[in-house]
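Some notes on the structure that comes next.
All values derive from a computational prediction rather than experimental measurement. Note on naming: letters A, B, ... go to the chains in the order of the sequence lines (proteins, then strands), and numbering restarts at 1 for each one.
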There are 2 protein chains.
Amino acid sequence: MPAHCFADVLSEHIDLTPAERDTLGRLEERSRTIKRGGILRRSNDRSGELFILRSGLMMTYVLLGDGSRQILRFHFPGEMLGLSGIVYAQAPESICAVAESVVCPFERSALAEVIEAHPRLASMILAYAQVERVSLTDRLAALGRTSAKARVGALLLDWRSRLRAGDGSIGESFSLALTQEEVGDATGLTAVHVNRMLRQLEEEGLIAREGQRVTIRDERALAAATHYVDRYRNLDLGWLPAGR
Amino acid sequence: MPAHCFADVLSEHIDLTPAERDTLGRLEERSRTIKRGGILRRSNDRSGELFILRSGLMMTYVLLGDGSRQILRFHFPGEMLGLSGIVYAQAPESICAVAESVVCPFERSALAEVIEAHPRLASMILAYAQVERVSLTDRLAALGRTSAKARVGALLLDWRSRLRAGDGSIGESFSLALTQEEVGDATGLTAVHVNRMLRQLEEEGLIAREGQRVTIRDERALAAATHYVDRYRNLDLGWLPAGR
DNA sequence: CGCACCCTTGAATTGTATCAAAATAAGTGG
DNA sequence: CCACTTATTTTGATACAATTCAAGGGTGCG
C-alpha cells in the first residue's frame, strides 16, 4: 500500500487532481529502510535512481580529497532525493541517513513519465527544485559573507522552519538531532568552533539549550544577526498550467 | 527575427524537433540591451519575468545587510536567467550585467506553455537546473572547506570551461573579464586577498597573467589543488522522454 | 564495567580581513 | 589628444576570527 508523502507535500500548495495524486503515488510503491549512518548512495555510484524520503532524516554531502566533508543539505520527509543525479551517469553527491529513514526508490524513467503525463507536476517539481536552489544560495552567501555565529544561528532557524513545515505544532523549542560535527560540516566550521558559537548564542540570550533540545529565545534578534529568510513560505504558484 | 540561443545550447546535447525549436524561439522574440553595470532586476523586485541571455556576461548576486555582496553565479550566453524567481512573488536575487549584454525577457506563463506542450523540453530545463545546482554545491563545498587559493584557482578553471563551451577554440589562455573585487565577491574573499592568491598561483607556475589575460600553465596541478570538476561535460540524458 | 562517541574548555597557531597608501590603468570631458 | 578624474591593482603592517592541538569530562551502550 503505497503512501503519498510527496503528493502530500505538494498538496500543501495546490489541489492535486486524483490522476496526479495517483501518478505520484506510483513513485512510492517500493520502499527501503536505512539505519542511522547508513549510506543510500555514494558519490560516483551509478545514479540511475531517485528517492522519496518517507520518514526519518537524511543528508546529502561531498567528501573532499583531504577527507573533509561538506554537508550540502538535510532532507526531511516528503522531499525528493537525488534529483541532481539525473544529469550524470555517476552521482555527484553522497546521501546518507542521519536518523533511521525509509525511502521509496524509483527510476529516472518514472520521473520522465510523470513529466510527460502531467505538465503541472513537472512544473511543481521544477518549482520545488528552485526552492532548494534558493535555499542553497542563501547558504552560499552565508558561507561566503557571514560570521561563524551567524551561520550557526541560521542553521538553527532553518531547522525550526523545516520541522514546523512537517509539524505545525512546533513552537520555539525543538530537538536538533545533529552532532556538533555535523553542524560544523554543514556550516563550514570545525566542531570545536560550533561549540563555542552555540555557547555564545546562549550567553547572549538568543537561544537556550538542554541536551539536544534548542529553544529560540529571541527570534527577532537571531533573525537579524543571521540574515535568515524562510524560503519555504509564501510561494507564488499562480502561473502553473492546469492539472490533468 | 528571433534568435535561438537557448535552443542552440540544448542542441549540443540532443537533437531538437522543429516544433521544439520553434517553441523555444518564441521565448526570444523580444530583446533588451543592458549596459555594463546595468541592473536587470533587483532582489525584491516583482519577479514575473525570466530571460534568455543572448550575448554578453551577467551575474546573479545577493547583498547582505552590511553591504557585502555574494556573487552566486556568472551567466554566459545561452543560459536561462531568473528561473529561481518563478516560485516567489519577489525576486530572491539581483541580476546585473558584468559586460554589455542582450537579454530576451519572457513571462512565466510562456515557460508554463513550453512545459505543457513539450515534455522533453520540460525535462531538459529541469536537467539544466540540476547542472546549475551541482555547480552551486561545488562552490558551496569550496567556500566551506577549501583554502582561498583553491577557490580562486577553481574560479579560473570554471571560467575556462564555460568560455570553452561557448567557443571550442579557446585553449589554455583566456580573458578574465572580472575585477579582483568581483572575483572576491564570488569566492568569499576580499579583493586584496584575491590579489595575493593570484600572485601566488603565478609564482608557483600554475598560471600566468598579463592584464586581463590568464593562462593556465599547469592544468593538472591546478585541478588537483582546487578539486575542480567540470560539470558541464559528460551529461547523461538518455532517459528523456521522446520529443514532440 | 569498559569502551566509544560526543561535548567542553584552554592555549597556540594560522589564514584571512582590515587599514592605509602608492602605483597603474581606464574613463571622461574639454 | 591631453589633462583630469576615477577605478583597479599592488604592496606592507597589523588585527582578528577560526583552526589546530591537546586533554578532561559526560553519556549511552554492548
**Request:** Using Watson-Crick or G-U wobble pairs with both distances under 3.5 Å, give me DNA chain D in dot-bracket, 5' to 3', with [ ] for crossers and | for pairs to another strand.
**Result:** |||||||||||||||||||||||..|||||
**Message:** With a cut-off of less than 4.0 Å, is there a side-chain N or O of B:Asn195 near OP1 or OP2 of D:dT9?
**Reply:** no
**Request:** Check the distance between C:dC7's P and A:Leu176's CG and give it to me in whole angstrom.
**Result:** 10 Å
**CA sep, side-chain torsions, deciding dist, call: B:Val62, B:Arg69, side-chain contact (heavy atoms from CB on, under 4.5 Å)** = CA-CA 6 Å; B:Val62 292; B:Arg69 174 176 70 171; over 6 Å; no
**Asked** When you match B:Val192 and B:Thr179 each to their closest nucleotide on DNA chain D, which lands nearer the 5' end?
**Response** B:Thr179
**Request:** Grab the CD-P distance between B:Glu182 and D:dA7 for me, whole Å please.
**Result:** 14 Å
**Message:** Please tell me if A:Arg199 has a side-chain N or O lying less than 4.0 Å from either OP1 or OP2 of C:dC7.
**Reply:** no
**Item:** Between C1' of C:dT9 and NE2 of A:His193, the distance in whole Å
**Value:** 14 Å
**Item:** Salt-bridge criterion met for B:Glu172 and B:Arg160 (N-O under 4.0 Å)
**Value:** yes
**Candidate pair A:Leu178 and A:Met59, rule side-chain contact (heavy atoms from CB on, under 4.5 Å), full reasoning** = CA-CA 11 Å; A:Leu178 295 176; A:Met59 67 181 180; 5.9 Å; no
**Prompt:** Charged N to carboxylate O below 4.0 Å: is that the case for A:Arg162 and A:Glu79?
**Reply:** yes
**Touch class at under 4.0 angstrom, heavy-atom based, for B:Gly188 against every strand present** = sugar-phosphate
**Message:** In this structure, how many angstroms lie between the C1' atom of C:dA17 and the CE atom of B:Met197, rounded?
**Reply:** 12 Å
**Item:** Atom pair distance, as rounded to whole Å: CD in A:Gln200 and C1' in C:dT9
**Value:** 14 Å
**Message:** Taking any heavy-atom pair under 4.0 Å as a contact, classify A:Arg145: base, sugar-phosphate, or nothing.
**Reply:** nothing
**Prompt:** Is the closest side-chain donor-acceptor distance between A:Tyr61 and A:Ser43 under 3.5 Å?
**Reply:** no
**Request:** Say whether A:Thr60 and A:His75, considering side chains only, have a donor N or O and an acceptor N or O under 3.5 Å apart.
**Result:** yes
**Asked** Between A:Leu198 (CG) and C:dT9 (P), how many Å, whole number?
**Response** 11 Å
**Request:** Inspect the contact between B:Arg42 and B:Glu93 and indicate whether a charged nitrogen and a carboxylate oxygen are less than 4.0 angstrom apart.
**Result:** no
**Options C:dT8, D:dT19, D:dT9, nucleotide nearest the side-chain atoms of A:Leu189** = D:dT19
**Prompt:** In whole angstrom, what separates B:Glu210's CD from C:dT24's C1'?
**Reply:** 16 Å
**Message:** Using heavy-atom distances to pick each residue's nearest nucleotide on DNA chain C, tell me which of A:Gly144 and A:Glu181 is more 5'.
**Reply:** A:Glu181
**Asked** Would you say the side chain of A:Arg196 and the base of D:dT20 hold a donor-acceptor pair, judged only by whether the two atoms sit under 3.5 Å apart?
**Response** yes
**Item:** Between C:dT16 (P) and B:Leu143 (CG): distance, integer Å
**Value:** 12 Å
